[in-house]
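Note that these values count all heavy atoms, side chains included, but never hydrogens, waters or copies made by symmetry.
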Amino acid sequence: MTADMAQTPAMASIPALLARNAATFGAAPAYREKEFGIWQSWSWAEAQDEIRALAKGLIAKGAGPGDFVAIIGRNRPYLYWAMVAVQMTGAVPVPLYQDAVAEEMAYVLDHCGAKIVIAGDQEQVDKVLEIQDRLPNMAEMVYLDTRGMRKYDHTHLTSYADVQAEGRSADDAELDRRIAALGYDDTCVMLYTSGTTGKPKGVVLSNRNIIETARNSAEFDRLVQSDSVLAYLPMAWVGDFIFSIGQAYWTGFCVCCPEAQHTLVHDLREIGPTYYFAPPRVFETQLTNVMIRMEDASPVKQRMFRYFMDHARKVGPRLLDGESVGGMDRLKYRLGELCVYGPLKNTLGFSKVRVGYTAGEAIGPEIFDFYRSLGINLKQLYGQTEASVFITQQPDNAVSPDTVGVPSPGVEIRISDDGEVFYRSPGVFVEYYKNAESTAGTKDAEGWVATGDAGFIEEATGQLRIIDRAKDVGKMASGALFAPKYVENKLKFFPNILEAVVFGNGRDQCTAFINIDLTAVGNWAERNNIAYASYQELAGHPQVLETIRGHVEEVNASVAEDEMLSGCQVHRFVVLHKELDADDGEMTRTRKVRRRIVEEKFSDLITALYDGSDDVSTVTEVTYEDGRKGSISATLKVVDAAVQDTGARAVAAE
């Protein structure tokens, strides 16, 4: 299909693509969901019937052109149908993060003026009811899961099934008229940014943005109707929207929804998707679990695992990229596939993955190489909500852990004099809703968008390399380059380290906060008969601190080898007494560290890192799951780490 075809009425909107899919391959699976341990399936024709019934019911509830309809819940076909049904009515879907607290939801629902809320279950209904007096525009709420809802006031509260039942008895004429009126430049969805530096902004994306980006990115990776994807990432995130709606509706591939978050790994293995995306944190967690299981394996299995994985790291990526490999190495790799790589990929659920991507944060090179050494075609992309995701993608057989790829089809990139990356493409957002000032500050009159990231194009490969967020890249007191994300990603390669935040801009040395991974370190403690009562107690254990010191010093040795960034070695660190948490405002809902908030909240710890203190006492406010506030007190040990001599390099960099 060509871009011209996409602009015809039959391709001008997501509902139009749905009608095409139902007509072209109506019996093919469109959605799967595991419920009560059994995979349920809906064809494209069945999905269209479900969506049209819901759309007519929403029209009866008052949804119309220009309205906003919020959708809150976990990944379920019914809620994906809701987003398309809302579009059919002429209204705009606004998905929210299901784990957001009521206060966060209040801002988004009020800012967009949501008229109707479609909630996944009782928990989401309760959160909205808690703040409904601050939502003057909200007229109706629809709930999907009926459990626990019987005794609620149903004056303006209706079950999803009842809305569909009302829609099924309605005439098709008005719905058909509204679908036909949808244009290529009409709004497709509004997605809110994660708000790393302030209040979230509503990013308005048109049908043109989503369909053009879906078409270009799908053709880049040769995605086809027979592919399948596991939909498990937040529905409010732009990546899930482009994969599970944009690309799915363009190509017609199947969207599979897991039963629950805790069954995700098992469901992934059962469904065996051919197209897979995960942020670096997911790949880090999976690798941590692999390493934990290997520590519990027999000595024979451990030796076999290490032997074949050493060989895989040497030749696996080269085989994947089609490079020449010696006959003996190739034979040994095939033996490793039989004994280690194949079973491991099956356990991870990656046996059928043909195209895999990671993005959102930079992934540690060691983690990236681990998966590619298994023969998994894992690549990196670079994107933003404002770009409808795709800015760059890595082509097959041209993959590097240090770059994020070449411009996606239809995308132009330029680097400003100060190193900031700019782009323009058919996917560039229409505007920030109710925020003309921020729109003008981000997108100029020629359509160029400022990413806020610092980077450069590698001459040898033509691929973009991102250094860090432009606002986070700075200079050490010596003049050496300071790029914290580079060091943080190396630290997070170790299974024991869940999160790291590095400081040092304008200072004479770098320091760090570290979060331990409770699963990995807890497993170690259990195997060594070390008792602990809480995360805080385990994080402060002397043997844990010594282990983390070893990891930091290993990273320092690696960082010292990079002439540009050798000044970023970590001299001192503290292991935090609590995990950084989105509920406490320290991370976004997409698990990105809010660096400025962390600096302000733990300023006393930063002071101790630089004033020579051996320990520091602190009190930290925390938010419990029910929304109540509390505080925890702790005395943290400040740990010194050995660094490599880079005096000559620092002078050279200066």
Side-chain angles (χ1 to χ4, degrees), residues 54 57-74 78-79 82-83 85-86 89-163 166 187 189-195 198-204 234-236 432-435 581-585 588-589 621-630:
L54 181 61
L58 290 173
I59 290 174
K61 292 294 180 185
D67 292 334
F68 291 91
V69 178
I71 298 164
I72 316 168
R74 66 177 178 86
Y78 304 93
L79 297 185
M83 284 204 272
V86 169
T89 70
V92 179
V94 184
L96 276 67
Y97 288 97
Q98 66 159 341
D99 60 346
V101 296
E103 191 64 31
E104 293 174 86
M105 289 184 178
Y107 172 80
V108 173
L109 293 172
D110 179 58
H111 184 261
C112 73
K115 184 176 182 179
I116 299 174
V117 174
I118 301 176
D121 54 22
Q122 183 186 17
E123 178 188 357
Q124 307 303 338
V125 170
D126 286 344
K127 285 191 280 190
V128 177
L129 290 178
E130 181 183 333
I131 55 174
Q132 65 178 340
D133 58 338
R134 296 154 60 181
L135 307 174
N137 295 303
M138 193 184 82
E140 201 74 36
M141 184 150 46
V142 178
Y143 59 89
L144 176 58
D145 191 337
T146 60
R147 286 176 294 182
M149 300 300 302
R150 185 167 61 88
K151 295 185 178 181
Y152 281 61
D153 179 0
H154 282 71
T155 306
H156 298 288
L157 188 62
T158 312
S159 76
Y160 189 104
D162 287 346
V163 174
E166 185 174 0
T187 301
V189 68
M190 186 159 77
L191 300 164
Y192 277 80
T193 61
S194 55
K199 289 291 187 182
K201 296 188 283 287
V203 181
V204 178
M235 293 181 68
Y432 290 126
Y433 185 61
K434 295 182 181 178
N435 198 336
D581 197 303
D583 287 347
D584 293 328
T588 69
R589 291 293 165 188
E621 183 182 78
V622 295
T623 304
Y624 300 115
E625 288 187 1
D626 61 2
R628 291 181 299 112
K629 300 286 186 180

- Query: Do Gln98 and Gln124 touch side chain to side chain, with heavy atoms closer than 4.5 Å?
  - Reply: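 A side-chain contact under 4.5 Å exists here.
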
**Message:** Taking the side chain as everything from C-beta on, heavy atoms only, tell me whether Val203 gets closer than 4.5 Å to Tyr432.
**Reply:**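 They are in contact (side-chain heavy atoms under 4.5 Å apart), so the answer is yes.
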
Determine whether the side chains of Asp126 and Tyr152 contain a donor N or O and an acceptor N or O closer than 3.5 Å.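 On atom types as modelled, these side chains qualify, holding a pair under 3.5 Å.
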
Problem - Derivation and outcome, side chain to side chain contact (heavy atoms under 4.5 Å, CB included), residues Lys61 and Glu166 - result: CA-CA 10 Å; Lys61 292 294 180 185; Glu166 185 174 0; 4.1 Å; yes

**OP:** Specify the closest pair of heavy atoms between Ile131 and Ala102, including all atoms of both residues, with the distance to one decimal.
**Re:**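 Scanning both residues completely, I find the closest heavy atoms to be CD1-O, 3.5 Å.
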
Report task. Kindly give the heavy-atom pair with the smallest separation between Thr146 and Ser159, and that separation in Å. Result ->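 Smallest heavy-atom distance, with atoms named: CG2-CB, 4.4 Å.
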
> Looking at residues at least two apart in the chain, or sitting in another chain, which of them share a ring pair (Phe, Tyr, Trp, His ring centres under 6.0 Å) with His156?
Replying inline: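 Partners of His156 under the ring pair (Phe, Tyr, Trp, His ring centres under 6.0 Å) test: none.
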
Q: Using the test ring pair (Phe, Tyr, Trp, His ring centres under 6.0 Å), find all partners of Tyr97 that sit at least two apart in sequence or belong to another chain.
A: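 Per chain and number, Tyr97 pairs via ring pair (Phe, Tyr, Trp, His ring centres under 6.0 Å) with no residue.
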
If I take atom [atom1] from residue [X] and atom [atom2] from residue [Y], how far apart are they, to the nearest 0.5 angstrom?
X: Met235; Y: Ile72; atom1: CE; atom2: CD1; value: 11.0 Å
X: Met138; Y: Gln132; atom1: CE; atom2: CD; value: 5.0 Å
X: Met149; Y: Thr158; atom1: CE; atom2: OG1; value: 10.0 Å
X: Tyr143; Y: Asp162; atom1: OH; atom2: CG; value: 6.5 Å
X: Leu191; Y: Tyr433; atom1: CG; atom2: OH; value: 14.5 Å
X: Glu140; Y: Leu157; atom1: CD; atom2: CG; value: 8.0 Å

For the pair Leu144 and Ile118, evaluate side chain to side chain contact (heavy atoms under 4.5 Å, CB included) and give the outcome as yes or no after the intermediate values. CA-CA 8 Å; Leu144 176 58; Ile118 301 176; 6.0 Å; no

Table please: side-chain donor-acceptor pairs of residues 108-117 below 3.5 Å, with sequence neighbours left out.
from: His111; atom 1: ND1; to: Tyr192; atom 2: OH; distance (Å): 2.7
from: Lys115; atom 1: NZ; to: Gly62; atom 2: O; distance (Å): 2.8

Identify the residue among Val163, Thr89, Ile59 that makes a side chain to side chain contact (heavy atoms under 4.5 Å, CB included) with Leu54.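 So the option named by the test is Val163.
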
**Message:** Strictly below 4.0 Å, N to O, side chains only: are Glu103 and Arg134 in salt-bridge contact?
**Reply:**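 A salt bridge is present here (some side-chain N lies under 4.0 Å from a carboxylate O).
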
